[in-house]
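Below: the structure, in C-alpha cells.
So you know, we letter chains A, B, ... as the sequences are listed, proteins then strands, and number each from 1.
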There are 2 protein chains.
Amino acid sequence: MHDRVDLVKIYECLCDRTRLRLLNVLAQGPLCVCHFQEILREPQVKISKHLGYLRTRGLVAYERQGNWMVYELPAKPSRELRANLACLQDCARENPVFRRDLARLEKLTPKFAETSPCGCRPAAKTTAG
Amino acid sequence: MHDRVDLVKIYECLCDRTRLRLLNVLAQGPLCVCHFQEILREPQVKISKHLGYLRTRGLVAYERQGNWMVYELPAKPSRELRANLACLQDCARENPVFRRDLARLEKLTPKFAETSPCGCRPAAKTTAG
DNA sequence: GATTCATATTCCCGAATGGGAATATGCATG
DNA sequence: CATGCATATTCCCATTCGGGAATATGAATC
C-alpha cells in the first residue's frame with residue numbers, strides 16, 4: 001500500500017528547519033509551492049527541493065492542478081508518522097518561527113483565494129464573484 | 001540552565017538508527033558503555049561516538065564512575081525533548097529491533113549486576129553478598 | 001611507574017546533505 | 001509553435017555524517 005516509512009526516515013525528514021516549517025504549514029491544509037515561497041520567504045529552489053525530499057520519502061503527497069503543484073500531508077499516514085506529526089504540532093505551538101509562518105498563512109489566505117486558481121486553500125472556494 | 005536544545009537539534013539526534021536504539025535502552029535507566037555494546041552488539045567506537053554525539057547536543061548526561069562512564073537521560077529535559085522521547089517510546093513499542101534490545105537488557109541485567117561495580121543498573125544494588 | 005581496563009579521540013574514507021545559479025520540464029494561452 | 005508561468009532538476013561546492021582502524025586518555029591496580 002502506501003510505502004512503509006520507518007522511524008529513521010521520518011526523523012531524517014524532520015531534522016531540517018525548512019522541512020519542519022513546511023510540515024507545520026501543511027498541517028493546516030494543502031498548499032502549492034508558490035504559496036510556501038511567500039509564507040516561508042525562501043527561494044523557489046529551496047522550497048521545491050525540500051518538498052521533493054519529503055515527497056520521495058512519503059511524508060507528503062502531491063497533485064498537479066494545471067501549472068500548480070498542490071502538496072498535502074498523506075491521507076493515510078503510518079502510526080509512526082501520525083505520532084510524530086502530532087508531536088511536532090505540539091512543539092511548534094510555542095515556537096516563534098512556526099507561529100509566524102502560520103500567521104502569514106492566515107494573513108495571505110484571502111489573497112491566495114483570489115490569485116490562485118488551484119483551490120489549494122479551502123478558503124479559495126470563493127466563486128470569483 | 002540546562003542548554004536550550006532546539007527542535008532541529010533533537011531531530012538530528014534522532015535520525016540515526018544506532019542513536020535511536022541507545023535512547024530507547026536509556027529510557028529504562030542509566031547504563032554504561034560496555035553494556036550498550038553487549039545489548040546493541042555494535043563495536044565500541046560506534047557506541048562511544050554516537051553517545052558523544054548525543055552528549056554534545058545535550059540529549060544525554062553522563063557521569064564517570066571509576067573506569068566506567070555511566071550515561072543517562074537528562075534530569076530536566078526540555079518540553080520538546082520530553083515530548084519527542086515519549087513519542088519515540090511509543091513508536092518503539094512495536095518495533096522488533098527496539099524490543100529485541102530491551103529483551104537483551106532484561107536478560108543481561110543480572111549479569112551486569114555481578115560484573116560491573118558501577119551500579120549503573122538499579123538491580124546492581126546487590127551488596128556483593 | 002608499568003599494565004590493564006573502559007572509554008574517547010583522531011585519521012581516513014565514501015556518501016549524503018544543504019544551498020544557490022542555471023537550466024529544464026510541463027502546462028496554458030496567445 | 002512561441003511565450004509565460006509554476007515547478008523541478010542538474011551542477012557545483014562546502015560541510016557533515018557514519019564507519020572502522022589505530023591511537024590516546026584516564027582511572028585502577030600491581
Side-chain angles (χ1 to χ4, degrees), chain A residues 8-22 26 30-57 59-72 108 111-112 114-121 124, chain B residues 8-22 26 30-57 59-72 108 111-112 114-121 124:
Chain A
V8 176
K9 280 251 168 55
I10 292 178
Y11 288 129
E12 282 171 352
C13 287
L14 296 181
C15 74
D16 176 88
R17 182 190 184 78
T18 305
R19 291 196 289 269
L20 283 187
R21 295 174 68 193
L22 291 172
L26 267 185
L31 210 60
C32 58
V33 181
C34 54
H35 294 167
F36 279 119
Q37 287 176 236
E38 276 196 77
I39 292 172
L40 303 201
R41 298 194 179 161
E42 297 281 359
Q44 186 258 329
V45 205
K46 197 167 174 178
I47 301 285
S48 179
K49 270 200 198 167
H50 282 296
L51 282 172
Y53 189 105
L54 295 173
R55 184 166 20 94
T56 61
R57 285 155 181 86
L59 259 77
V60 298
Y62 69 117
E63 181 194 9
R64 161 153 255 147
Q65 298 213 8
N67 261 344
W68 287 265
M69 297 294 275
V70 183
Y71 282 84
E72 58 189 346
L108 289 172
K111 184 185 158 200
F112 291 166
E114 298 169 7
T115 59
S116 74
C118 64
C120 50
R121 291 295 304 147
Chain B
V8 175
K9 280 250 168 54
I10 293 177
Y11 287 130
E12 282 172 351
C13 287
L14 297 180
C15 72
D16 176 89
R17 181 191 184 78
T18 305
R19 290 196 291 269
L20 284 187
R21 294 173 70 192
L22 291 173
L26 267 186
L31 211 60
C32 59
V33 181
C34 55
H35 295 166
F36 279 120
Q37 287 177 234
E38 275 197 76
I39 292 171
L40 303 202
R41 299 194 178 161
E42 297 281 359
Q44 186 259 328
V45 205
K46 196 167 175 176
I47 301 284
S48 179
K49 270 201 202 169
H50 282 296
L51 283 172
Y53 189 105
L54 295 173
R55 183 165 23 92
T56 61
R57 284 157 183 85
L59 258 79
V60 299
Y62 69 117
E63 181 194 8
R64 161 155 255 145
Q65 300 212 7
N67 261 343
W68 287 265
M69 296 293 276
V70 183
Y71 283 83
E72 60 189 345
L108 290 173
K111 184 185 160 201
F112 291 166
E114 297 169 9
T115 59
S116 75
C118 64
C120 52
R121 290 294 305 148

> How close or far is atom P of dG26(C) from atom CE of M69(A), stated in whole angstroms?
Replying inline: 11 Å
>> Evaluate K111(B) against E38(B) for side chain to side chain contact (heavy atoms under 4.5 Å, CB included), listing each step before the verdict.
In response: CA-CA 11 Å; K111(B) 184 185 160 201; E38(B) 275 197 76; 2.8 Å; yes
>> Counting only heavy atoms and a strict 4.0 angstrom limit, can you tell me which residues of residues 43-50 of chain B come near DNA chain D?
In response: P43(B), V45(B), K46(B), K49(B), H50(B)
>> What is the separation between atom CD on E12(A) and atom C1' on dC17(D), rounded to the nearest whole Å?
In response: 11 Å
>> Strictly below 4.0 Å: does R19(A) bring a side-chain N or O up to OP1 or OP2 of dG18(C)?
In response: yes
> Could you give the CG-to-P distance, from L51(B) to dG19(D), as a whole number of Å?
Replying inline: 13 Å
>> Can you identify which nucleotide, out of dT7(D), dG18(C), dG18(D), has its nearest atom closest to the D16(B) side chain?
In response: dG18(D)
> Nearest-Å distance, CG (L54(A)) to C1' (dG18(C))?
Replying inline: 14 Å
> How many Å lie between CG on L14(B) and P on dG18(D), as a whole number?
Replying inline: 12 Å
>> Under 4.0 Å from OP1 or OP2 of dA8(D): is there any side-chain N or O of Y71(A) that close?
In response: yes
> How many angstroms lie between SG in C32(B) and CG in L51(B), if you round to the nearest 0.5 Å?
Replying inline: 10.5 Å
List, with names and distances, any nitrogen or oxygen atoms from the protein found under 3.5 Å away from nitrogen or oxygen atoms belonging to nucleotides 27-30 of chain C.
| residue | atom | partner | partner atom | Å |
| --- | --- | --- | --- | --- |
| dC27(C) | O2 | N67(A) | OD1 | 3.1 |

>> So, taking the atom named SG in C15(A) and the one named CD1 in I10(B), what distance separates them when rounded to the nearest 0.5 Å?
In response: 12.5 Å
> About how many Å separate CZ of F36(A) and CG of L22(A), when rounded to the nearest 0.5 Å?
Replying inline: 5.5 Å
>> Do H35(B) and L108(B) make a side-chain contact, defined as non-hydrogen atoms from C-beta onward lying under 4.5 Å apart?
In response: no
>> Can you measure Y62(A) atom OH to dG26(C) atom C1' for me and round it to whole angstrom units?
In response: 13 Å
>> Tell me the interatomic distance from L40(B), atom CG, to dT7(C), atom C1', rounded to whole angstroms.
In response: 16 Å
> Any idea which of dA8(C), dA6(D), dG18(D) is nearest the V33(B) side chain?
Replying inline: dA8(C)
> Hey, what do you get for NZ (K49(B)) to CD (E42(B)), rounding to the nearest 0.5 Å?
Replying inline: 13.0 Å
>> Can you see whether Y53(A) has R57(A) sitting over its ring - NZ or CZ less than 6.0 Å from the centre and within 45° of the normal?
In response: yes
>> Any heavy-atom pair between the side chains of L31(B) and I39(B) that's under 4.5 Å?
In response: yes
>> Using only atom types and a distance under 3.5 Å, with no angle test, would you say the side chain of R55(B) pairs donor to acceptor with the backbone of Y62(B)?
In response: no
> Which whole-number value in Å describes the distance from W68(A) CH2 to dG4(D) P?
Replying inline: 16 Å
